[in-house]
Amino acid sequence: MKWVSKVLNSFRYALEGLRYTVVTQRNMRIHFVVALAVLVVSLYLPLSKFEVLVLFVSIVLVLFAELLNTVIEVIVDMVTEEYHPLAKIAKDVAAGAVLLTAGLAVIVGISVFYPYLNMLFHQVYSTQKALYPANIGLAALIAFDFFLTLMVKAWVHRMRKPELEPSMTTSLSVCVATLIVAVIGNLTITLMVLCLILLFLGTRARVQKPTPIFFGAVLGLVVALMGVQLL
């Protein structure tokens with residue numbers, strides 16, 4: 001029947017739109033990965049039906065806003081290929097809508113998952129030894145990370161591969177942040193420190209290539225994790 005064919009075509013066109021957005025828009029791919037991770041985590045937590053519903057609504061809102069953002073960008077690019085202040089405003093406002101919905105989703109996710117994560121966090125810490133004492137050993141670890149990063153930078157430089165040199169500031173920042181989390185042992189502080197580190201890494205990524213930042217972060221994290229086990 002003709003109406004059945006129209007309905008099937010409507011679904012096909014909608015799926016093609018979703019496929020186009022996922023293939024061409026990096027942010028949509030990020031949203032999908034985060035959404036899948038949230039749904040997987042929710043399967044292992046005793047969430048209520050209302051909490052699951054709120055998570056689904058938040059995820060759909062973010063994806064819907066990203067779809068609208070893509071539509072506006074495509075229309076603007078179709079109308080004009082030259083720079084125009086109004087075209088910039090249209091794209092910026094659409095991106096702002098995505099930012100607001102994503103922020104709302106983050107707030108909802110923290111509100112839903114925080115009690116369970118906090119319980120798990122304290123259970124992990126209760127199985128470990130007492131919180132790592134804030135003593136001179138922490139300063140020694142930071143100093144060790146500094147000299148180790150310096151040695152690695154010199155070794156990589158002698159190999160004539162400067163693009164692989166770890167970032168000193170990133171290594172020290174990640175090392176200090178990890179030690180703060182290990183000493184305090186509080187989930188709220190841990191999340192705040194993680195946000196600060198992400199902001200710092202994002203700022204560094206604007207002025208430095210990602211490879212040194214990555215190696216510096218890994219080096220600082222490994223030194224801190226191995227060091228606290230020896231304290």
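Every value quoted in this text rests on a predicted model; they were computed, and no experiment measured them.
Annotation: salt bridge (Lys or Arg N to Asp or Glu O under 4.0 Å) contacts of E51 (sequence neighbours excluded): none. V71 meets the side-chain contact (heavy atoms from CB on, under 4.5 Å) test with I75; sequence neighbours excluded. Residues forming a side-chain contact (heavy atoms from CB on, under 4.5 Å) with A90 (at least two apart in sequence, or on another chain): I72, V76. In terms of the salt bridge (Lys or Arg N to Asp or Glu O under 4.0 Å) criterion, residue partners of K88 (sequence neighbours excluded) are, by chain and number, D92. Every residue meeting the side-chain contact (heavy atoms from CB on, under 4.5 Å) condition with Y44, not counting sequence neighbours, appears here in chain and number order: V40. Scanning for side chain to side chain donor-acceptor pair (under 3.5 Å) contacts around N27 gives an empty result, with sequence neighbours left out. For V152, the side-chain contact (heavy atoms from CB on, under 4.5 Å) test picks out L148, V156, P166, L219, with sequence neighbours left out.
Side-chain contact between S58 and V62: absent, with no pair of heavy atoms (C-beta onward) separated by less than 4.5 Å. Using a 4.5 Å heavy-atom cutoff, the side chains of V98 and L68 are not in contact. Considering only heavy atoms from C-beta on, V38 comes within 4.5 Å of V34 through its side chain.
For the atom pair W155 CH2 and L164 CG, the distance stands at 9.0 Å (nearest 0.5 Å). Remark: Q25 CD to T70 OG1 distance equals 4.0 Å, nearest 0.5 Å. L63 contributes atom CG, which lies 10.0 Å from atom OG1 of T21 (distance to the nearest 0.5 angstrom). The distance from atom CE of M151 to atom CZ of F146, rounded to the nearest 0.5 Å, is 12.5 Å. How far CG of L179 is from CG of L225: 9.0 Å, rounded to the nearest 0.5 Å. Atom OG in S42 sits 7.5 Å away from atom CD1 in I59 (nearest 0.5 Å).
Residue pairs meeting the salt bridge (Lys or Arg N to Asp or Glu O under 4.0 Å) criterion with at least one partner in residues 14-36, sequence neighbours excluded, are R12-E16. Residue pairs meeting the salt bridge (Lys or Arg N to Asp or Glu O under 4.0 Å) criterion with at least one member in residues 64-74: none, sequence neighbours excluded. Under the salt bridge (Lys or Arg N to Asp or Glu O under 4.0 Å) criterion, the residue pairs touching residues 146-155 are K153-E165, with sequence neighbours excluded. Every pair passing side chain to side chain donor-acceptor pair (under 3.5 Å) that includes a residue from residues 139-150 is listed here, sequence neighbours excluded: D145-S171, T149-S171.
Under a cut-off of 6.0 angstrom, the local environment of OH in Y114 is crowded, with over 12 non-hydrogen atoms contributed by other residues, nucleotides or ligands. Few gaps surround CZ on F113; more than 12 heavy atoms of other groups in view lie less than 6.0 Å from it.
Note: the hydrophobic cluster containing F56 does not contain L36 (ILVMFWY, side chain heavy atoms under 4.5 Å, direct or indirect links). Cluster annotation: V218 is connected to F144 through the hydrophobic network of ILVMFWY side chains, with a link wherever side-chain heavy atoms come within less than 4.5 Å. Note on I110 and L47: same hydrophobic cluster, where clusters join Ile, Leu, Val, Met, Phe, Trp and Tyr whose side-chain heavy atoms are under 4.5 Å apart, directly or indirectly. No chain of hydrophobic side-chain contacts below 4.5 Å, direct or via other Ile, Leu, Val, Met, Phe, Trp or Tyr residues, connects V52 to V60.
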Quiz prompt | Check against side chain to side chain contact (heavy atoms under 4.5 Å, CB included), L67 and L18 | solution = CA-CA 8 Å; L67 288 171; L18 289 174; 3.9 Å; yes
Quiz item: Given F200 and T170, is the side chain to side chain contact (heavy atoms under 4.5 Å, CB included) satisfied, shown in steps?
Solution: CA-CA 8 Å; F200 172 78; T170 303; 4.0 Å; yes
Practice problem: Could you give me the CA-CA distance, side-chain angles and deciding distance for L196 and M192, then say whether side chain to side chain contact (heavy atoms under 4.5 Å, CB included) is met? | Solution: CA-CA 6 Å; L196 288 176; M192 294 173 64; 5.7 Å; no
Exercise. Given side chain to side chain contact (heavy atoms under 4.5 Å, CB included), test L45 with V41 step by step and report yes or no.
Key: CA-CA 7 Å; L45 296 177; V41 172; 3.8 Å; yes
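Through direct or relayed side-chain contacts under 4.5 Å between Ile, Leu, Val, Met, Phe, Trp and Tyr, V74 connects to Y20.
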